[in-house]
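Naming: A, B, ... by sequence-line order, numbering from 1 per chain. Computed from heavy atoms alone, side chains included, the values below leave out hydrogens, waters and symmetry copies.
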Amino acid sequence: MIKNLISNKVQQMQPSGIRAFFDLVLGMKDVISLGVGEPDFVTPWQIREEGIYSLEEGFTSYTSNKGLYKLRLSISHYLKNKYGLDYSPDDEILITVGVSEGVDLALRSLINPGDKILIPVPSYVSYGPVAELAGGTPVYIDTKDNNFRLTPELLEKHIDKKVKALLLNYPANPTGVSYAQKELSEINRVLLKHSLFCITDEVYADLTYDFEHTHFAVLPGAKKNTLYLDGFSKSYAMTGWRVGFACGPKEIIAAMTKIHQYTIMCVSITSQMAACEALHSGRKSVEEMKREYHRRRELVVGGLCKLGLGCHMPEGAFYAFPNIKTTGMKAMEFAQGLLKKEKVAVVPGTAFGKEYDDYIRISYASSFDNLKEALKRMERFLEKNG
Amino acid sequence: MGVTMDEILEILEKDARVSPEDIARMTGKSLKTVKQAIAKYEKEGVILKYKTIINKELIKDTDASVRALIEVDIAPQKDVGFDKIAERIYSFPEVSSCYLVSGDYDLLLIVEGKDMHTVSNFVAEKLAPMEHVKGTSTHFLMKKYKENGVMLKHKEENKRIAISY
C-alpha cells in the first residue's frame with residue numbers, strides 16, 4: 001500500500017547496486033579504507049575558526065538566495081585574478097549546497113521532457129539519476145576503450161537532435177582523468193559546431209598534477225555556452241560544510257536561482273562565512289595538500305603497477321582506477337575478498353556502471369602509512385588469491 | 001633540481017623515518033638522486049639531526065623532567081656584542097635552546113633539568129652570577145600543548161565515514 005504512495009519516477013530509479021557492500025564496510029572495524037571520496041585532512045584551522053567566530057558574532061540568519069554578496073565577490077575576484085575568468089558577482093554567480101545541488105539545479109533548469117544529456121562514463125554516481133529526475137534522458141558515453149578519455153570522435157558519435165548538453169567532469173571521479181587545454185579545445189569545437197551547452201563539474205580543479213587546469217569557460221567562444229560548477233569541498237577539505245558555486249550566463253543563473261530559492265532558500269551562513277575565509281587565507285593549505293596528494297599518487301600508482309594492476313596515470317583528483325582483469329576476479333569479488341581477508345576497503349568499479357566489472361576505484365586520500373600498509377595487504381591478497 | 005631538494009626536506013621534516021626508497025617513489029626521482037641529496041643536506045648541515053618527538057605527558061614517573069623559559073638581561077661586551085656571553089651560556093648542557101631576542105631582555109633560554117630544584121640551582125649558581133649577566137627571570141613550563149608544530153594530544157579517531165562515492 002505505502003509503496004503505491006511513492007512516485008513512479010522514484011520507484012523507477014535504480015538503487016545503487018553496491019549498497020550492501022558499503023554497509024558491509026561500515027559494519028567492520030579497523031578497516032584501512034581506500035574507498036573514501038573525500039579528503040582525509042580536516043578543514044584548515046583558520047577556516048574552522050572563522051566559522052566559529054561567525055557564530056559567536058551572531059551570524060545565524062538566512063542570507064540572500066544567491067548567497068552572501070561578499071562570498072560571490074570573493075569568488076569573482078579569485079576567478080578573475082587566477083584564471084582571467086570574468087563572472088559578475090551580481091548575476092552570474094550562485095552559491096549552492098556543494099556541486100551536487102549545482103548539478104541538480106543546472107539539469108532542472110535546462111531539461112525539457114525527453115532532452116538528452118551526454119555523460120561520459122564511468123562517472124560520479126549522481127549525474128544520470130538526477131538527469132532522469134529532471135525529466136531528461138542520460139546518454140552515457142563509454143570511455144573505457146579510450147583510456148577513460150572523452151574524444152571529439154566519441155562525442156560526435158553520440159550527438160543527435162535531442163541532445164541538449166554535455167556534462168563534463170574533470171579531473172574526474174572515479175578515474176582521475178583530466179584534460180589538457182588542447183583536448184578541451186577540440187571538445188569545445190564539436191560543442192560549438194552543434195550549438196550544444198556544456199555543464200562542467202570542476203570541483204577537483206585544484207588537484208591537477210601534471211599540467212595547469214584549464215577552465216572550460218576560458219576556451220574561445222565557450223563562456224556563453226558553459227555553466228561552470230565548482231566548490232570548496234575537495235580543494236579546501238570542506239566536504240561537510242556543503243558549499244559550492246555555479247558560474248554562467250545570467251539567464252541560466254537566474255533560472256537556477258528560481259529553483260534554489262523555493263527549494264533550498266540559501267546555503268548555511270556559517271558555511272558561507274567559512275568559505276570567504278577559505279578564499280582569503282586558505283590557498284597555502286590547498287597547495288600543501290595538493291603536494292601531499294601528488295606524492296601519494298606516485299606511491300599508489302607505482303605500487304599498483306607493481307602488483308600487476310595496470311592503471312593509467314590519473315592527472316588529477318585523488319583516485320586511481322586500475323584494471324583487475326589479471327587477477328581473474330570480478331570487481332565485487334575482489335572488493336569483498338580484500339575486505340574480508342585483509343581488511344582493506346576499495347570501491348568496486350560496478351558502483352559507477354555495470355560495465356566496469358574489471359575495475360576498482362582506489363582513493364589515495366589516506367595517510368602515507370595507510371597507503372603503504374594497504375598496498376602490502378593487497379600484495380598478500382593477490383599472492384593467495386591471484 | 002631546487003624543487004626536488006625542497007620536496008625531500010618537506011617530506012623528512014614531517015616524518016624523518018620515511019625511507020629513501022619511499023621518497024624516491026613519492027617524488028618520481030631515482031633512489032640514487034634521493035640518497036645523494038640527503039647525504040648532501042646532512043654534510044652541509046641543512047639536515048642537522050633526526051629526532052623523535054615524545055609526548056612526555058603520557059610517560060608516568062620515568063625520568064620526569066622540567067623545563068623553564070629563562071629571560072636573561074645582559075650587558076653587551078665591546079667588539080663581540082652578545083655572541084661571546086651567549087656562547088658561554090649555551091655551552092651548558094642544561095640549555096637546550098638559546099635565542100637572542102628583541103624587547104625587554106636579551107637572551108631567551110630553554111633550560112631542562114630533572115626537577116625544579118636542579119633548574120633553580122643552575123640559575124642561581126651558574127647563570128645569575130656570571131659576569132655581564134645583569135638579571136634573570138625564570139618561567140617554569142606547566143603544560144605543553146603544542147611543540148614544533150605538533151599538537152600533544154592523543155591520536156584522534158577517524159571522523160570520516162569509511163566508504164563513500
Side-chain angles (χ1 to χ4, degrees), chain A residues 16 18 21-42 45 100 123-126 173-174 209 237 239-240 288 291-292 294-303 306 313 319 335 339 345-347 351-352 361 363 365-372 375, chain B residues 1-38 41 46-47 50-55 143-165:
Chain A
S16 168
I18 62 156
F21 176 70
F22 274 37
D23 289 341
L24 191 65
V25 175
L26 294 173
M28 265 173 84
K29 277 199 158 155
D30 304 321
V31 170
I32 295 183
S33 183
L34 308 185
V36 191
E38 63 177 322
D40 58 317
F41 302 103
V42 292
W45 171 250
S100 295
S123 79
Y124 181 62
V125 293
S126 85
N173 179 6
Y209 308 110
T239 46
E288 274 172 24
R291 286 202 299 279
E292 185 72 35
H294 190 165
R295 291 195 281 267
R296 294 171 181 178
R297 178 187 76 157
E298 304 302 314
L299 177 84
V300 165
V301 175
K306 239 188 234 167
M313 182 56 95
Y319 307 108
L339 179 68
V346 300
V347 178
F352 305 96
R361 189 194 74 176
S363 159
S366 191
S367 75
F368 182 69
D369 288 342
N370 274 349
L371 293 171
K372 247 176 90 172
L375 284 169
Chain B
M1 214 44 188
V3 175
T4 324
M5 297 291 181
D6 287 344
E7 187 157 34
I8 292 172
L9 289 177
E10 187 182 349
I11 293 166
L12 286 175
E13 193 175 19
K14 277 190 196 156
D15 182 356
R17 297 205 305 170
V18 179
S19 68
E21 287 78 8
D22 283 339
I23 294 175
R25 274 199 274 171
M26 282 192 272
T27 57
K29 300 287 159 194
S30 76
L31 179 59
K32 199 175 151 211
T33 308
V34 172
K35 280 185 169 167
Q36 279 174 350
I38 293 174
Y41 281 132
V46 175
I47 294 174
Y50 300 92
K51 286 184 69 170
T52 302
I53 300 171
I54 294 167
N55 188 355
K143 184 169 182 178
K144 260 192 270 178
Y145 294 105
K146 186 177 183 181
E147 200 165 73
N148 297 323
V150 180
M151 289 180 228
L152 300 167
K153 54 183 181 183
H154 291 278
K155 273 201 165 170
E156 280 186 49
E157 54 172 330
N158 191 0
K159 297 188 181 79
R160 289 190 301 174
I161 53 171
I163 194 158
S164 59
Y165 293 110

With sequence neighbours left out, write down each residue that passes side chain to side chain contact (heavy atoms under 4.5 Å, CB included) with B:Val46, or none if nothing qualifies. B:Leu9, B:Tyr41, B:Glu44
Just jot down the side-chain hydrogen bond (donor to acceptor under 3.5 Å, both in side chains) partners of B:Gln36, sequence neighbours excluded, or say none.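 Once residues adjacent in sequence are excluded, B:Gln36 has no partner under the side-chain hydrogen bond (donor to acceptor under 3.5 Å, both in side chains) criterion.
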Using every non-hydrogen atom in the two residues, find where B:Ile163 and A:Gly35 come nearest and quote the distance to one decimal. CG1-O, 3.3 Å
Taking every non-hydrogen pair under 4.5 Å, which of A:Val300, A:Val31, A:Leu26 racks up the most with chain B?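 Of the candidates given, the most pairs with chain B belong to A:Leu26.
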Using a cut-off of under 4.5 Å for heavy-atom pairs, which of A:Val25, A:Leu34, A:Val36 has the most such pairs with chain B?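 Of the candidates given, the most pairs with chain B belong to A:Val36.
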Please classify the contact between [X] and chain B as side chain, backbone, both or neither, with a heavy-atom cut-off of under 4.5 Å.
X: A:Ile18; value: side chain
X: A:Pro174; value: neither
X: A:Val346; value: backbone

Taking salt bridge (Lys or Arg N to Asp or Glu O under 4.0 Å) as the test, write out the residues that go with B:Lys35, two or more places apart.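 Salt bridge (Lys or Arg N to Asp or Glu O under 4.0 Å) list for B:Lys35, sorted by chain: empty.
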Would you mind checking chain B against chain A for donor-acceptor pairs under 3.5 Å and listing them?
unit_1: B:Glu7; atom_1: OE2; unit_2: A:Arg295; atom_2: NH1; d: 3.0
unit_1: B:Glu10; atom_1: OE1; unit_2: A:Arg291; atom_2: NE; d: 2.9
unit_1: B:Glu10; atom_1: OE2; unit_2: A:Arg291; atom_2: NE; d: 3.3
unit_1: B:Glu10; atom_1: OE2; unit_2: A:Arg291; atom_2: NH2; d: 3.2
unit_1: B:Lys14; atom_1: NZ; unit_2: A:Glu292; atom_2: OE1; d: 2.9
unit_1: B:Asp22; atom_1: OD2; unit_2: A:Lys372; atom_2: NZ; d: 2.4
unit_1: B:Arg160; atom_1: NH1; unit_2: A:Glu38; atom_2: O; d: 2.7
unit_1: B:Arg160; atom_1: NH1; unit_2: A:Ala365; atom_2: O; d: 3.0
unit_1: B:Arg160; atom_1: NH2; unit_2: A:Ala365; atom_2: O; d: 3.0
unit_1: B:Ala162; atom_1: O; unit_2: A:Ser33; atom_2: OG; d: 2.3
unit_1: B:Ser164; atom_1: N; unit_2: A:Gly35; atom_2: O; d: 3.0
unit_1: B:Ser164; atom_1: O; unit_2: A:Gly37; atom_2: N; d: 3.4
unit_1: B:Ser164; atom_1: O; unit_2: A:Arg361; atom_2: NH2; d: 2.8
unit_1: B:Ser164; atom_1: OG; unit_2: A:Gly37; atom_2: N; d: 3.0
unit_1: B:Tyr165; atom_1: O; unit_2: A:Asn173; atom_2: ND2; d: 2.8
unit_1: B:Tyr165; atom_1: O; unit_2: A:Arg361; atom_2: NH1; d: 2.9
unit_1: B:Tyr165; atom_1: OH; unit_2: A:Ser16; atom_2: OG; d: 2.5

